Undergrad: 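There's a structure below that I have some questions on.
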Number of protein chains: 2
Amino acid sequence: MKQQVKEQFNHFLSRKHLKTTLQRNLVVDAMVELDRHTHVDELYLLLRAKHPYIGHATVYRALRLLAESGLVREINLGDGITRYRLARQGERRDYLVCSDCGGVTEFENGLVEKEQLKRAHSLGFMVESFKIELKGLCRHCQGRNSRTH
Amino acid sequence: MKQQVKEQFNHFLSRKHLKTTLQRNLVVDAMVELDRHTHVDELYLLLRAKHPYIGHATVYRALRLLAESGLVREINLGDGITRYRLARQGERRDYLVCSDCGGVTEFENGLVEKEQLKRAHSLGFMVESFKIELKGLCRHCQGRNSRTH
DNA sequence: ATCAATGCAAAACTTTTGCAGTAGC
DNA sequence: GCTACTGCAAAAGTTTTGCATTGAT
């Protein structure tokens, strides 16, 4: 699985006449191992623990490339932080974001997506990516009545 | 229309023991007149042209309050800029964002939204706000074959 | 050997905050 | 008169960029 993603990324790089580097491999490995939402700073600290000389900018640049390759998805929840996660088959693109604890639950509703695509096409729009985002209170935070912010 | 929105905002302010000020009224007026997506800086420059002593921070603070009141909606398209637009009845919350020209087309699909709410509820999630965002190429940009970025 | 990638630091960017002065209630 | 609001500037936060050096092809 890790090898497969890495190969796809290297293929993407060579097609664009870019270079396969240690740091880019480290970022890919970390994303595959994590296999969940993360953001640049978390990844940076994680990698830095094992490889003291990796730079902030390099992680940004690698993630941008990975997003461009389609192997990783960029997610923007409106809190000013760009999140990333490994893309996968049967990927869920629907997010429930809890406005209390910030937790993200993913779900999927193929019926809805099919319907939306149909509408978009009828408006002459060629869809490349898709995101549904619901904000509210998750089951857990509904229990705690007090919302202290 | 402008009066109605302004009254609703003033009501919101007094409920929270906040004050109705010249600057807050200016921001509400501008949002009602514009009646389209905008962002802080555009609004700031627009207001500053007529009222030289309005501050950047004040516009930020007023828009945050307006969003909190529900009279204005916050929209995040993932480019790091928070956009705002006047909320309205029968409001559309579904966006087609063209990745070439950056244009935003809004549409609405009640069926889809109802279906999504049902799914969220079945997951124990209490929905407060809703957003669907499709990225791709609009009709116009599909015509121009070359994508130069 | 060439040219891209790296790490660092500084810059750029949007948004927030601290504070002295001002204005609404 | 009290307390919130304003404008300014500075701070905070994320992301990008410039540059000399290193490393991949």
Side-chain angles (χ1 to χ4, degrees), chain A residues 6-7 9-28 30 37-69 72 74-84 102 149, chain B residues 6-7 9-28 30 37-69 72 74-84 102 149:
Chain A
K6 215 185 286 188
E7 270 168 34
F9 188 48
N10 290 345
H11 186 243
F12 167 83
L13 289 174
S14 70
R15 248 189 309 144
K16 298 208 120 196
H17 304 288
L18 301 175
K19 291 169 182 170
T20 301
T21 65
L22 170 65
Q23 288 88 340
R24 285 175 180 166
N25 276 326
L26 288 175
V27 171
V28 176
H37 293 100
T38 188
H39 46 96
V40 174
D41 220 55
E42 185 184 25
L43 215 58
Y44 169 65
L45 291 173
L46 217 135
L47 291 172
R48 184 155 196 126
K50 291 192 180 176
H51 309 272
Y53 294 121
I54 197 166
H56 225 135
T58 302
V59 180
Y60 272 99
R61 290 185 274 229
L63 282 173
R64 217 180 350 176
L65 271 178
L66 269 166
E68 203 188 316
S69 80
V72 152
E74 222 178 272
I75 300 152
N76 215 292
L77 301 175
D79 59 355
I81 296 173
T82 306
R83 282 155 220 279
Y84 296 89
H149 47 263
Chain B
K6 216 184 287 189
E7 270 168 34
F9 188 47
N10 290 345
H11 186 244
F12 167 83
L13 290 174
S14 69
R15 250 188 308 144
K16 299 209 120 196
H17 305 286
L18 300 175
K19 291 168 182 171
T20 301
T21 65
L22 171 63
Q23 289 87 339
R24 285 174 180 167
N25 275 326
L26 289 174
V27 170
V28 176
H37 294 99
T38 187
H39 47 96
V40 173
D41 219 55
E42 185 184 25
L43 215 58
Y44 169 66
L45 291 173
L46 217 136
L47 290 173
R48 184 156 195 124
K50 290 192 179 173
H51 309 273
Y53 294 120
I54 197 165
H56 226 134
T58 302
V59 180
Y60 272 99
R61 290 186 275 230
L63 282 173
R64 216 178 353 174
L65 271 178
L66 269 166
E68 202 188 317
S69 80
V72 152
E74 223 178 271
I75 301 151
N76 214 292
L77 301 176
D79 59 356
I81 296 172
T82 307
R83 282 153 219 280
Y84 295 89
H149 48 263

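Computed from a prediction, not measured in an experiment: that's the story for all the values here. Naming: A, B, ... by sequence-line order, numbering from 1 per chain.
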Undergrad: Using atom types as modelled, flag every donor-acceptor pair under 3.5 Å from a side chain in residues 50-67 of chain B to any protein atom, sequence neighbours excluded.
TA:
residue	atom	partner	partner atom	Å
B:His56	NE2	B:Asp41	OD1	3.0

Undergrad: I'd like a table of atom pairs between the protein and nucleotides 16-21 of chain C - only N or O on both sides, under 3.5 Å - with the distance next to each one.
TA:
none

Undergrad: Mind checking what makes ring-ring contact (aromatic ring centres under 6.0 Å, His included) contact with A:His11, not counting sequence neighbours?
TA: none
Undergrad: Side-chain contact test, heavy atoms from C-beta onward, threshold under 4.5 Å: evaluate it for B:Val40 versus B:Tyr84 and give yes or no.
TA: yes
Undergrad: Identify, with sequence neighbours excluded, every residue that meets side-chain hydrogen bond (donor to acceptor under 3.5 Å, both in side chains) alongside B:Ser69.
TA: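 Partners of B:Ser69 under the side-chain hydrogen bond (donor to acceptor under 3.5 Å, both in side chains) test: none.
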Undergrad: Give a yes/no on whether any side-chain N or O of B:Gln23 is located under 4.0 angstrom from OP1 or OP2 of C:dA23.
TA: no
Undergrad: What is the distance from CZ of B:Phe9 to P of D:dC5, rounded to the nearest Å?
TA: 10 Å
Undergrad: May I have the distance from A:Leu63 (atom CG) to D:dT15 (atom P), rounded to whole angstrom?
TA: 10 Å
Undergrad: With sequence neighbours left out, write down each residue that passes salt bridge (Lys or Arg N to Asp or Glu O under 4.0 Å) with A:Glu7, or none if nothing qualifies.
TA: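 For A:Glu7, no residue satisfies salt bridge (Lys or Arg N to Asp or Glu O under 4.0 Å) once neighbours in sequence are set aside.
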Undergrad: Which residue, A:His17 or B:Asp41, contacts DNA chain C at a nucleotide closer to its 5' end, judged by nearest heavy atom?
TA: A:His17
Undergrad: How many whole angstroms separate atom NE2 of B:His51 from atom P of D:dT6?
TA: 14 Å
Undergrad: If I take atom NE2 in residue A:His39 and atom C1' in nucleotide D:dT15, what distance separates them, rounded to the nearest angstrom?
TA: 14 Å
Undergrad: What pairs with A:Thr82 under side-chain hydrogen bond (donor to acceptor under 3.5 Å, both in side chains), at least two apart in sequence or on another chain?
TA: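 Residues passing side-chain hydrogen bond (donor to acceptor under 3.5 Å, both in side chains) with A:Thr82: none at all.
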Undergrad: Between the two ends of the helix from C:dA1-D:dT25 to C:dA12-D:dT14, what is the bend in degrees, rounded to 10 degrees, where each end axis spans five pairs?
TA: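 Answer rounded to 10°: the end axes differ by 40°.
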Undergrad: What integer distance in Å separates B:Ile54:CD1 from D:dC5:P?
TA: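 In whole Å, D:dC5 P and B:Ile54 CD1 are 15 Å from each other.
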Undergrad: Residues in salt bridge (Lys or Arg N to Asp or Glu O under 4.0 Å) with B:Lys19, at least two apart?
TA: none
Undergrad: Test of understanding: with salt bridge (Lys or Arg N to Asp or Glu O under 4.0 Å), list the residues that count as partners of B:Arg24, not counting sequence neighbours.
TA: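 B:Arg24 satisfies salt bridge (Lys or Arg N to Asp or Glu O under 4.0 Å) with no residue once adjacent residues are dropped.
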Undergrad: Just how far, in rounded Å, is P of D:dT14 from CG of A:Leu45?
TA: 11 Å
Undergrad: Does A:Thr82 place a side-chain N or O at less than 4.0 Å from the phosphate oxygens OP1/OP2 of D:dT15?
TA: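 Checking D:dT15 against A:Thr82, a side-chain N or O does come within under 4.0 Å of OP1 or OP2.
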Undergrad: Apply salt bridge (Lys or Arg N to Asp or Glu O under 4.0 Å) to A:Glu74 and list each qualifying residue two or more places apart in sequence or on a separate chain.
TA: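 By the salt bridge (Lys or Arg N to Asp or Glu O under 4.0 Å) rule, A:Glu74 matches no residue at all.
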Undergrad: To the nearest Å, give me how far apart CZ (A:Arg24) and P (C:dG7) are.
TA: 11 Å
Undergrad: Rounded to whole angstroms, how far apart are CG on A:Leu13 and C1' on C:dC3?
TA: 15 Å
Undergrad: Could you tell me which non-hydrogen atom of A:His37 sits nearest to which non-hydrogen atom of A:Glu42, and how far apart they are?
TA: O-OE1, 4.3 Å
Undergrad: Counting primed atoms plus P, OP1 and OP2 as sugar-phosphate and everything else as base, spell out the protein contacts along nucleotides 20-25 of chain D at 4.0 Å heavy-atom distance: B, S or - for each nucleotide, 5' to 3'.
TA: ---BBS
Undergrad: Can you tell if the side chain of B:Asn10 reaches within under 4.5 Å of the side chain of B:Leu13, non-hydrogen atoms only?
TA: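 Counting from C-beta outward, B:Asn10 and B:Leu13 do come under 4.5 Å.
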